[in-house]
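Only one structure is covered here, and it is reproduced in the block below.
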Amino acid sequence: MAPSGNAALWTSSSGRFTVGPAPVPQPGPGELVVRAEAVAVNPVDAVSGLLRHVVYPKLRYRTVIGSDVAGTVLAVGPGVERFQAGDRVLGYAAGQEQHRNSAAEGAFQHQVLLLERLTTPVPQDLATEQAAVLPLAVSTAAAGLFEPDQLGLPLPTADPVDRGQVVLVWGASTSVGANAVQLARAAGYAVIGTASPRNHAFVRSLGAEAVFDYRDDGAARRIVEALADRQLAGTLAFGQGSLTRTLPIVRAATGSGRLASAYPTPATTIRARLERRHGVHVTAIWGGRPTESEVGPAIYRDFLPEALRSGGYQATPTASVVGTGLSAIPDALAELRAGVSARKLVVTLP
Ligand SMILES: NC(=O)c1ccc[n+]([C@@H]2O[C@H](COP(=O)([O-])OP(=O)(O)OC[C@H]3O[C@@H](n4cnc5c(N)ncnc54)[C@H](OP(=O)(O)O)[C@@H]3O)[C@@H](O)[C@H]2O)c1
């Protein structure tokens with residue numbers, strides 16, 4: 001049955017938000033429409049002014065932004081066999097990607113069009129608001145670890161072989177980092193992370209063998225020591241200053257020499273050129289890349305459903321429900337700008 005009635009948090013080109021009616025999305029081939037019951041906010045949703053146009057230069061306004069959705073399937077399009085109306089799912093809302101550029105696919109509305117290839121069933125024992133923390137964080141972590149032009153590591157499995165190498169996740173208590181720790185473990189790598197001391201136990205609980213304080217000036221030396229004679233399969237750099245802090249480690253370690261940074265800025269490109277002479281290959285991650293690549297379905301179709309169902313993968317970090325209704329989202333973005341630690345801000349849409 002086709003869904004009826006929709007409302008959205010519209011974003012203007014100047015970044016102003018207004019709640020209003022929105023067209024009812026109709027699912028095409030490979031698409032589904034979901035009643036969003038919980039959405040999470042991300043740093044990229046909180047950027048405004050000129051920076052928004054730098055991050056999304058081609059996005060057509062007015063539009064609906066937001067990437068993280070969990071809710072219930074209302075309708076499926078032709079060729080969608082994994083889901084049916086009534087299923088609880090989480091998914092990556094791809095509307096801001098250049099190849100989609102579609103308000104119907106923004107998370108911040110009651111009825112969201114999702115791509116089947118970026119949607120995962122939510123197991124019975126996982127709360128909808130907790131499920132909403134995953135999509136952008138998982139996609140970005142997976143892009144950094146598995147896209148061939150990033151770290152290019154083998155994909156995660158339920159029963160990984162021990163590869164005898166290490167992945168460094170600098171900023172492991174960020175939403176993206178916490179998911180990167182788990183994905184790297186599921187790909188067969190030992191993980192060393194950095195976080196504030198209050199989050200060391202959290203990062204260890206995700207599978208990291210050692211965690212260091214990123215504010216400690218000696219962290220780089222300690223990490224190189226902790227590698228012992230093992231190779232560094234790759235490094236992920238999350239958080240302010242992370243590229244500068246991780247470069248000396250990659251230079252000192254043996255291994256792939258690959259370093260993927262979550263800051264896709266001109267600064268990263270310049271650093272990448274400078275680092276080539278040291279044998280370090282620096283790349284900038286785009287969390288939306290799996291919307292088009294094989295990494296998307298490898299994670300959302302092949303890995304996450306069973307990993308979440310079995311409890312082998314945690315929906316992390318912890319959701320903090322900070323409001324209810326579309327009009328609560330701008331306040332959630334303001335709270336996010338003030339900073340969070342090992343938690344994800346979620347708004348419920350009852
Ligand atoms: N390129 C892309 O496509 C893409 C996509 C998603 C996110 N990102 C970027 O990736 C980063 C992480 O995003 P997120 O949503 O995961 O962030 P988040 O969860 O909101 O980040 C909060 C965490 O940042 C950690 N942190 C703060 N300063 C740090 C530093 N200097 N070094 C390392 N960690 C630090 C804090 O750790 P403690 O509390 O332990 O101190 C805190 O837990 C952001 O910069 C975001 O803009 C990029």
Side-chain angles (χ1 to χ4, degrees), residues 40-47 51-52 54-56 65-68 92-94 96-98 132-145 147 149-150 168-183 192-206 208 211-217 219-220 223 235-246 249 260-269 282-293 295-296 316-320 322 332-346:
V41 296
N42 286 286
V44 73
D45 306 324
V47 300
L51 190 54
R52 166 155 287 286
V54 172
V55 179
Y56 294 115
I65 65 166
S67 309
D68 289 347
Y92 180 94
Q96 291 164 96
E97 294 308 307
Q98 266 183 37
V133 308
L134 283 176
L136 181 60
V138 166
S139 292
T140 308
L145 289 163
E147 290 293 348
D149 58 350
Q150 300 291 325
L168 169 61
V169 181
W170 189 280
S173 63
T174 63
S175 297
V176 180
N179 283 281
V181 172
Q182 296 191 82
L183 288 173
I192 294 176
T194 69
S196 288
R198 64 173 176 265
N199 289 323
H200 285 192
F202 164 63
V203 175
R204 276 209 193 84
S205 76
L206 302 173
V211 192
F212 298 92
D213 183 357
Y214 58 80
R215 291 188 188 86
D216 173 7
D217 290 339
I223 289 169
T235 296
L236 295 175
F238 307 128
Q240 203 172 10
S242 56
L243 183 54
T244 303
R245 300 294 305 282
T246 47
I249 303 170
S261 158
Y263 282 100
T265 63
T268 307
T269 316
V282 179
T283 51
I285 302 167
W286 181 246
R289 180 82 184 99
T291 58
E292 295 179 274
S293 75
V295 171
T316 193
T318 301
S320 286
V322 291
L333 294 172
E335 190 170 339
L336 182 63
R337 276 187 211 106
V340 296
S341 178
R343 67 194 181 107
K344 190 105 195 167
L345 305 185
V346 169

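Each ligand, and each atom within it, is numbered from 1 in the order the structure gives. Hydrogens, waters and symmetry mates are skipped; everything else that's a heavy atom, side chains included, is used.
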Within-shell test, Ala137 vs ligand 1, heavy atom, strictly < 4.0 Å: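 Distance cut 4.0 Å: Ala137 fails for ligand 1.
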
Determine whether any heavy atom of Arg245 lies closer than 4.0 Å to an atom of ligand 1.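 Outside the 4.0 Å threshold, so no.
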
Could you tell me whether some N/O pair between [X] and ligand 1 is separated by less than 3.5 angstrom?
X	answer
Thr194	no
Asn42	no
Arg343	no

Which of the numbered atoms in ligand 1 are under 4.0 angstrom from any heavy atom belonging to [X]?
X	result
Ile285	1 (N), 2 (C), 3 (O)
Tyr263	45 (O)
Gly287	2 (C), 3 (O)
Thr140	4 (C), 5 (C), 6 (C)
Asn199	38 (P), 39 (O), 40 (O)
Ala342	43 (O)
Gly171	33 (C), 34 (N)

Do you know the tightest heavy-atom contact between Arg343 and Ser320?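 Closest approach of Arg343 to Ser320, heavy atoms only: NH1-OG, 3.0 Å.
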
If you look at every heavy atom in Asp45 and Ile65, which pair is closest and at what distance?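 Closest pair (atom of Asp45, atom of Ile65, distance): O-CD1, 3.7 Å.
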
Is Pro43 touching ligand 1 with its side chain, its backbone, both, or neither, if touching means heavy atoms under 4.0 Å apart?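 It is the side chain that touches ligand 1; the backbone stays farther off.
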
State the CD-CZ distance between Gln96 and Arg52, to the nearest 0.5 angstrom.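 Answer rounded to 0.5 Å: 6.0 Å.
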
Mutual orientation of the aromatic rings belonging to Tyr56 and Trp286 [parallel < 30°, tilted 30-60°, perpendicular > 60°]: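 Rings of Tyr56 and Trp286: perpendicular, over 60°.
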
[atom]: which of [options] has the nearest heavy atom?
atom	options	value
atom 12 (C) of ligand 1	Val44, Thr174, Val203	Thr174
atom 29 (C) of ligand 1	Phe238, Tyr214, Trp286	Tyr214
atom 13 (O) of ligand 1	Thr268, Val176, Val211, Val340	Val176
atom 39 (O) of ligand 1	Ser139, Gly193, Ala141, Ser341	Ser341

For Thr140 and Ala137, indicate whether the former's side chain and the latter's backbone hold a donor-acceptor pair under 3.5 Å.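 No, because the side chain of Thr140 does not come within donor-acceptor range (under 3.5 Å) of the backbone of Ala137.
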
Any donor-acceptor pair under 3.5 Å linking the side chain of Thr194 with the backbone of Asp213?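 Answer holds: no.
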
Residues in side chain to side chain donor-acceptor pair (under 3.5 Å) contact with Ser173, at least two apart in sequence or another chain: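 Side chain to side chain donor-acceptor pair (under 3.5 Å) list for Ser173, sorted by chain: empty.
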
Taking atom types as modelled, is there a side-chain donor on Asn199 or Ser341 under 3.5 Å from an acceptor on the other?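 Distance-only check passes for Asn199 and Ser341.
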
Distance-only donor-acceptor check, side chains Thr316 and Gln182, under 3.5 Å: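 The answer is no; no qualifying pair exists.
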
Got Ser261 and Phe238 here, is their nearest side-chain heavy-atom distance under 4.5 Å?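 The answer is no, as the side chains (C-beta and beyond) never meet within the 4.5 Å cut-off.
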
